[in-house]
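One structure is given below, encoded as structure tokens.
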Number of protein chains: 2
Amino acid sequence: MVKELDENPEALPDHVGWRLWQASRAWQAEFAAAMRAAGHGWFTEARAGLLGHIERSGIRQSALIERSAISKQAIQQLLDGLEAEGIVERLPDPHDGRGKLVRYTSKGLDALRDGDRVKMEIERHYVDRIGEERFTALMGALRALVAGQAAAMDEDAGVEGEVVESK
Amino acid sequence: MVKELDENPEALPDHVGWRLWQASRAWQAEFAAAMRAAGHGWFTEARAGLLGHIERSGIRQSALIERSAISKQAIQQLLDGLEAEGIVERLPDPHDGRGKLVRYTSKGLDALRDGDRVKMEIERHYVDRIGEERFTALMGALRALVAGQAAAMDEDAGVEGEVVESK
DNA sequence: TGAATGTCGTCAAGTATCTTGACTATATGG
DNA sequence: CCATATAGTCAAGATACTTGACGACATTCA
């Protein structure tokens, strides 16, 4: 579909960022399509991004805010939606009258299980496509990259300033 | 590779999709921040995604539509914005009274040059972080993956149906 | 103790990025 | 010339964000 990019001498992008973007978009489209096909019509990319930060045991909303890269108001709106869909519920934090705990409902946990299944299926397809060795190398490189980025961000904190999105 | 989920139900996700998403988001954030820091305040992620499909020699708007994964109306709106910012201009296609050619302005070409510079800087940081060998492996795996996906999509076309976003 | 200050979550309003549907103008192939 | 397809636009609405303002509770410290 984007194969013209390689044939074309006009120098369309071929660099890490572009490739990562393409691969990520493709994964998300495949995953979301499979989830919706599995009956989870509420599933969207933005919600998936948030759910990825919510442990099965639940989490405090404020912790979720620290962990995610988006504003607390955006998180709240996403949670409102997920709550309305019956995927999560919010309970008062017994240890802090201000706080709230975000927890999966049984419907939410069902969706997570389906998500795990779909993930493994997609991963298997990926291994089939590019081979086990290459897949392992890909995962290793991605892990190292993300870890390195986190470290670089910690170093930069307060040094460079606003280059990194700060909460 | 999704093993933690099975071993430890508490674990947060660690699978290809998640890693690709994280890496892609990080790249985009870094790139956009650098571009804005370089004086290109109009630069956004969505616009970047579109510019990535526009050759330096220009392109017909209809070709851009085929190439991108979003609706023609969305493309038009993005082009409206880019045109208002003075990054691209739209000229009538001399060979087709209906068509329009999208071309970079000199301001747009300047931005592309800055973009190339930023891209190379980021790439250099990546190589520093994870090593040349791993970086090469990463690029190879990503290329193979995207190529494989395009092939799989071509095969599926008309068979599976709506799993892949069509136009 | 109680007053200043900070944290947690919410409400409100606005923006960017997409969608679908309806339409006009031009091209093309009998 | 007419039927139909293609290129682009206009309009309206949904989603996913943003910033700003605010109330409720917690913590600190004089």
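Computed from a predicted model, the values in this text were never measured in an experiment. In the text below, chain A, chain B and the rest are named by the order of the sequence lines, each starting its count at 1.
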Taking only N and O in the side chain of S71(A), is any of them less than 4.0 Å away from OP1 or OP2 of dT18(D)? yes

Taking the side chain as everything from C-beta on, heavy atoms only, tell me whether R19(A) gets closer than 4.5 Å to V146(B). yes

Applying side chain to side chain contact (heavy atoms under 4.5 Å, CB included), name anything that partners S62(A), two or more places apart in sequence or on another chain. R60(A)

Output the rounded distance in Å from CZ (R60(A)) to P (dA26(D)). 10 Å

N/O (side chain, R90(A)) to phosphate O (OP1/OP2, dC8(C)) under 4.0 Å: no

Between dA16(C) (C1') and L79(B) (CG): distance, integer Å: 15 Å

Any salt bridge between D116(A) and K119(A), counting N to O under 4.0 Å? yes

What is the distance, to the nearest angstrom, from the NZ atom on K72(A) to the P atom on dG20(D)? 12 Å

For DNA chain C, find the residues of residues 95-104 of chain A with a heavy-atom distance under 4.0 Å and give them by number; none if there aren't any. R98(A), G99(A), K100(A)

Under 4.5 Å side-chain linkage, directly or through intermediates, the cluster mates of W18(B): W21(B)

Any side-chain N or O of S62(A) under 4.0 Å from OP1/OP2 of dC8(C)? yes

Could you state the atom-to-atom distance from CG of L64(A) to P of dG9(C) in whole Å? 9 Å

NE2-CZ distance between H15(B) and F31(A), expressed to the nearest 0.5 angstrom: 6.5 Å

Please tell me which of the listed nucleotides, dT9(D), dG9(C), dT18(D), lies nearest to the side chain of Q61(B)? dT9(D)

Can you see whether Q28(B) engages S24(B) through a side-chain donor-acceptor pair at a distance of less than 3.5 angstrom? yes

Mind calculating the distance between CG (D93(B)) and C1' (dT6(D)) to the nearest angstrom? 13 Å

For nucleotides 10-16 of chain D, list the nitrogen or oxygen atoms of the protein found under 3.5 Å from its nitrogen or oxygen atoms, one pair per line.
{"from": "dA16(D)", "atom 1": "OP1", "to": "T44(A)", "atom 2": "OG1", "distance (Å)": "2.9"}

Just grab all the side-chain hydrogen bond (donor to acceptor under 3.5 Å, both in side chains) pairs involving residues 76-90 of chain A, residues at least two apart or on different chains. Q61(A)-R90(A), D80(A)-R90(A), E83(A)-R90(A), E89(A)-R103(A)

For residues 33-40 of chain A, which side-chain N or O atoms pair as donor and acceptor with protein atoms under 3.5 Å away, sequence neighbours left out?
{"from": "R36(A)", "atom 1": "NH1", "to": "F43(A)", "atom 2": "O", "distance (Å)": "2.9"}
{"from": "H40(A)", "atom 1": "NE2", "to": "D114(A)", "atom 2": "OD2", "distance (Å)": "2.7"}

For the pair made of CD1 in I75(B) and C1' in dA7(D), what is the distance, rounded to whole Å? 12 Å

Counting heavy atoms not belonging to E121(B), are there more than 12 under 6.0 Å from its CD? yes

